[in-house]
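Working notes, structure below.
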Number of protein chains: 2
Amino acid sequence: MKNDLPPDDFDLTDFLPYLLNQAAEECSLAFQKHYKDRYGMLRTEWRVLFHLGRFGTLTAQEISARSKMHKTKISRAITKLEHRRWLKRDTDAKDRRRELLQLTPSGQKVYHDLVQVAHDHQLELLGQFKMTDAKALQNMLKRLGRLK
Amino acid sequence: MKNDLPPDDFDLTDFLPYLLNQAAEECSLAFQKHYKDRYGMLRTEWRVLFHLGRFGTLTAQEISARSKMHKTKISRAITKLEHRRWLKRDTDAKDRRRELLQLTPSGQKVYHDLVQVAHDHQLELLGQFKMTDAKALQNMLKRLGRLK
DNA sequence: GCTTGTTAGTTACAAATGCAACAGTTAGCG
DNA sequence: CGCTAACTGTTGCATTTGTAACTAACAAGC
């Protein structure tokens with residue numbers, strides 16, 4: 001006979017999606033302050049900027065695949081970043097549906113500035129753990145996010 | 001002289017808020033399917049239901065403090081859950097600003113059903129890790145979310 | 001008692017979001 | 001070629017969300 005109640009050792013307070021959301025909110029909000037205050041950016045825009053800064057030239061579709069963000073979110077973020085002249089778009093000559101996106105020099109400046117902040121922020125977040133635990137955490141998160 | 005570029009060993013792909021968001025999205029979306037398909041609930045409503053099911057009687061304010069969700073989100077979720085007769089509210093006689101919320105019997109049924117699903121989902125998520133690593137992950141996430 | 005300040009919860013309005021439908025381009029295949 | 005199917009990116013619309021203002025209730029000090 002199937003046991004249709006969860007075992008006693010299951011506590012929703014330990015539920016992984018819940019813990020992940022709490023932690024993600026806490027950590028992201030703290031960092032959001034920086035790109036919001038300095039550059040008036042939204043989280044979506046920061047993420048697009050970050051992908052282009054990290055990976056170079058990408059299409060919207062590729063950003064969507066990597067970040068798992070909805071393509072309309074990305075489309076709108078790109079428009080905003082373009083208006084601020086932080087990225088430029090060029091139609092791919094080989095496939096004119098695709099638009100090759102890359103940061104302008106001033107976009108790269110913003111990126112490098114924020115990477116520095118991100119780095120400091122990260123040190124603070126991970127500083128509370130042992131180095132090996134921190135590495136293990138990163139690896140487990142990558143697997144959960146299907147990033148590897 | 002201060003080094004104003006992040007060291008070479010810092011890669012934004014390892015950035016904790018990014019990893020947390022990816023993992024949280026991936027894990028939450030998979031679980032969302034269940035409460036959405038079965039009960040047409042939104043994530044906010046599921047979270048309120050889950051807090052009441054887990055902790056018994058709470059006020060909106062207490063749910064907000066525990067979950068870190070914005071109080072307007074909670075207020076709206078409560079209204080919806082009330083309309084479905086999954087929770088009832090009673091004004092606190094000692095402080096008539098506060099409303100004591102608790103699940104109705106049918107609300108508890110929904111809760112128990114979803115806890116079962118959550119339990120199975122969790123087993124699947126954590127099954128890929130060694131037990132000790134899984135525990136360590138949960139503890140680190142709690143600390144990052146300032147839950148302990 | 002009265003006034004001021006604080007708290008619980010709701011609501012109006014504006015902003016962000018997701019979905020579905022769309023235009024434009026390419027690919028496959030007869 | 002000519003047709004259909006698939007893909008990239010955008011837009012219109014309805015839903016969800018956050019901010020700020022609001023009501024109602026309490027609390028502290030006079």
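Proteins come first, then strands; the chains are lettered A, B, ... in the order of their sequence lines, and each starts at number 1. For clarity, every value in this text was computed on a predicted model and none was experimentally measured. No hydrogens, no waters, no symmetry mates; every other heavy atom, side chains included, goes into these values.
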Pair up each side-chain donor or acceptor in residues 43-55 of chain B with any protein partner under 3.5 Å, not counting sequence neighbours, and list the distances.
| residue | atom | partner | partner atom | Å |
| --- | --- | --- | --- | --- |
| B:Arg43 | NH1 | A:Asn21 | OD1 | 3.4 |
| B:His51 | ND1 | B:Arg47 | O | 2.9 |
| B:Arg54 | NE | A:Asp11 | OD1 | 2.5 |
| B:Arg54 | NE | A:Thr13 | OG1 | 3.2 |
| B:Arg54 | NH2 | A:Asp11 | OD1 | 3.4 |
| B:Arg54 | NH2 | A:Asp11 | OD2 | 2.9 |

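A salt bridge does not link B:Lys94 with B:Asp92: none of the charged nitrogens is closer than 4.0 Å to a carboxylate oxygen.
Summarising the geometry, the separation between CG on B:Asp92 and C1' on C:dT7 is reported as 13 Å, rounded to the nearest angstrom. Protein atom CZ of B:Arg43 is 13 Å distant from nucleotide atom C1' of C:dT17, rounded to whole Å. Here the C1' atom of nucleotide C:dA8 and the NE2 atom of B:His70 are 13 Å apart, to the nearest Å. Taking atom CG on B:Asp90 and atom C1' on C:dG9, their separation rounds to 16 Å, with Å as the unit.
At distances below 3.5 Å, at least one donor-acceptor pair connects side-chain atoms of A:Arg143 with backbone N or O atoms of B:Gln128.
Here B:Lys88 pairs with B:Asp90, B:Gln102, B:Thr104 under the side chain to side chain contact (heavy atoms under 4.5 Å, CB included) rule; sequence neighbours left out.
Side-chain contact between A:Leu141 and B:Leu20 is present, with at least one heavy-atom pair separated by less than 4.5 Å.
For the OP1/OP2 pair of D:dA24 and a distance below 4.0 Å, the side-chain nitrogens and oxygens of B:Arg96 include no atom meeting the criterion.
Taken from CD in A:Gln138 to CZ in A:Phe129, the straight-line distance is 11.0 Å, to the nearest 0.5 Å.
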For nucleotides 6-15 of chain D, read 5' to 3', which letter fits each nucleotide if B means a protein heavy atom sits under 4.0 Å from the base, S means only the sugar-phosphate is that close, and - means neither? BBSBBBBB--

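The residue among A:Ala93 and A:Lys73 whose nearest nucleotide of DNA chain C lies closer to the 5′ end is A:Lys73.
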